[in-house]
Amino acid sequence: MTKPAGLSSIDLRSTPFDLSQTLGCGQVFHWRTHGAGWLGTVGDEPLYAEQRGARLFVPAGCELLARRYFALYHPLEEFGATFPEDEAMRAARDFCCGLRIIRQPPWECLATFITSALKQVAHIAQISHTLRERFGRRVVWNDVPLYTYPAPERLAALSESELRACRLGFRAKNLLGAAKMVASGEMDLMRVAALPDAEALVELCRLPGVGPKVANCALLFGFERPRAFPIDVWIERVLRRIYFQRKRKVTARRLREFSASYFGPFGGYAQQYLFHHARMTQKRGGS
DNA sequence: CTCCAGGTTCCGG
DNA sequence: CCGGAACATGGA
């Protein structure tokens, strides 16, 4: 096995990892394929990553950054063993082998999901790239320009119309309001990170445009809360079809209570597997 | 053209 | 607490 020039290798033989599924499953939106690998940013750092079987290649010196960002220390087999033993869950778990919940920086994760409301994954990615290119910091990897996600202070200084120009629609007001609260210190994300799940959820919901779904996405993808279980339209369809036999009159509250207990301590992982599996196999509204 | 997208908020039963 | 409606934009 040849080694790409300038890159060093991370041994994946002890743990399953699927880079493409991990970056393409809808938990993060700014990574793009580049040659045989992927190019994106981790906070303020550019990162190139390329997988060849049980090896992950990253630039020399980026090994620890990559291990941490991709959560290569998560024991996926142990997580999977805690999932409920039903047919839908088993199929999703098998389908998503090696898919990891990565560790995104809290602000860019939270902000991105504020802009995700009623948008398709492709649109969320487009909005993210526009915000980055216009207001983020430019970093370069091998002459390829990349852009970091704009800090809350940067977005807070913009006008709503400048954000609307990024095709944010009604989400512009929410992103601006949230950025102002974080920039002013009225919302302290470091403090949120220290709160128990339930309290962190309530705290995040103080932000405009943040309800239970967005807050749970932020907790799961940005605050390392593997139990957080976001319920979006896809997951709601799965829950109603598989676990409630298409019954009518199942309230949103009932779905939340069920998923919070049924899927266990790593319910967020289970959720992402069900989400990705459904999206890849059912297209839209399929039975 | 119509429908829907990783929702939140507000409003009337 | 619950169901509906409004909210912007673009792809299917």
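We use all heavy atoms of the structure for the numbers below, so side chains are in, but hydrogens, waters and symmetry mates are not. Sequence lines set the chain letters: A, B, ... in the order given, protein chains first and strands last, and positions in each chain run from 1. Treat the numbers as computed from the prediction; the structure is a model and nothing was measured.
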| said: Tell me whether A:Glu153 is salt-bridged to A:Lys180, with the criterion being a basic N under 4.0 Å from an acidic carboxylate O. | reply: no

Residues passing the side chain to side chain contact (heavy atoms under 4.5 Å, CB included) test with A:Lys249, sequence neighbours excluded, are none

Between A:Tyr269 and A:Tyr273, what is the ring plane arrangement, given parallel below 30°, perpendicular above 60°, and tilted in between? perpendicular

Taken to the nearest whole Å, CG/A:Leu110 to C1'/B:dT8 is 14 Å

Between CG of A:Leu201 and C1' of B:dG7 the distance, given in whole Å, is 14 Å

DNA chain B nearest-nucleotide lookup for A:Arg279 and A:Leu207: closer to the 5′ end is A:Arg279

5'-most contact on DNA chain B (nearest-nucleotide basis), A:Pro208 vs A:Ala122, goes to A:Ala122

request  = Indicate, with a heavy-atom threshold strictly under 4.0 Å, whether A:Gly26 touches base, sugar-phosphate, or nothing.
outcome  = base

Cluster membership besides A:Met190, Ile/Leu/Val/Met/Phe/Trp/Tyr side chains within less than 4.5 angstrom, sorted by chain and number, is none

To the nearest angstrom, the CZ-P distance between A:Phe113 and B:dG7 comes to 10 Å

In whole angstroms, the gap separating C1' of B:dC4 from CD1 of A:Ile124 amounts to 13 Å

Side-chain donor/acceptor pairs under 3.5 Å, residues 210-220 of chain A, sequence neighbours excluded:
{"from": "A:Asn216", "atom 1": "ND2", "to": "A:Pro212", "atom 2": "O", "distance (Å)": "3.0"}

Students should find that the hydrophobic cluster of A:Leu64, defined by side-chain heavy atoms under 4.5 Å apart, otherwise consists of none

What contact category does A:Glu236 fall into here, base, sugar-phosphate, or nothing, at under 4.0 angstrom with non-hydrogen atoms? nothing

Rounded to whole Å, the CG-P distance (A:Asp232 to B:dC4) equals 15 Å

A:His123 atom NE2 is separated from B:dG7 atom P, nearest whole Å, by 13 Å

Rounded to whole Å, the CD-C1' distance (A:Gln126 to C:dT9) equals 12 Å

From CH2 of A:Trp234 across to P of B:dG7 the rounded distance in Å is 11 Å

For A:Leu118, the other hydrophobic cluster members (4.5 Å side-chain criterion, sorted by chain and number) are A:Phe170

Separation between the P atoms of B:dT9 and C:dG10, rounded to whole Å
23 Å

A:Arg227 meets the salt bridge (Lys or Arg N to Asp or Glu O under 4.0 Å) criterion, sequence neighbours left out, with none

Per the under-4.0 Å heavy-atom filter, residues of residues 211-224 of chain A near DNA chain B come out as A:Gly211, A:Pro212, A:Lys213, A:Val214, A:Phe221

Worksheet item: What distance, rounded to whole Å, do you find between the two C1' atoms, one in B:dT8 and one in C:dG11?
Response: 23 Å

Between the side chains of A:Arg67 and A:Glu63, is the shortest nitrogen-to-carboxylate-oxygen separation below 4.0 Å, so that they form an ion pair?
no

For residues 204-224 of chain A, the ring pair (Phe, Tyr, Trp, His ring centres under 6.0 Å) pairs (sequence neighbours left out) are A:Phe113-A:Phe221

Residues 35-54 of chain A vs ring pair (Phe, Tyr, Trp, His ring centres under 6.0 Å), sequence neighbours excluded, gives A:Tyr48-A:Trp141

Which atom pairs link the protein and nucleotides 1-6 of chain C when you take only N or O atoms and keep those under 3.5 Å?
{"from": "C:dC2", "atom 1": "OP1", "to": "A:Thr251", "atom 2": "OG1", "distance (Å)": "3.4"}

Side-chain atoms of A:Ala117 come closest, of B:dG7, C:dT9, B:dA5, to B:dG7

Hits for side chain to side chain donor-acceptor pair (under 3.5 Å) against A:Glu45, two or more places apart or cross-chain, chain-then-number order -> none

Under a 4.0 Å heavy-atom cutoff, the residues of residues 165-180 of chain A touching DNA chain B are A:Phe170

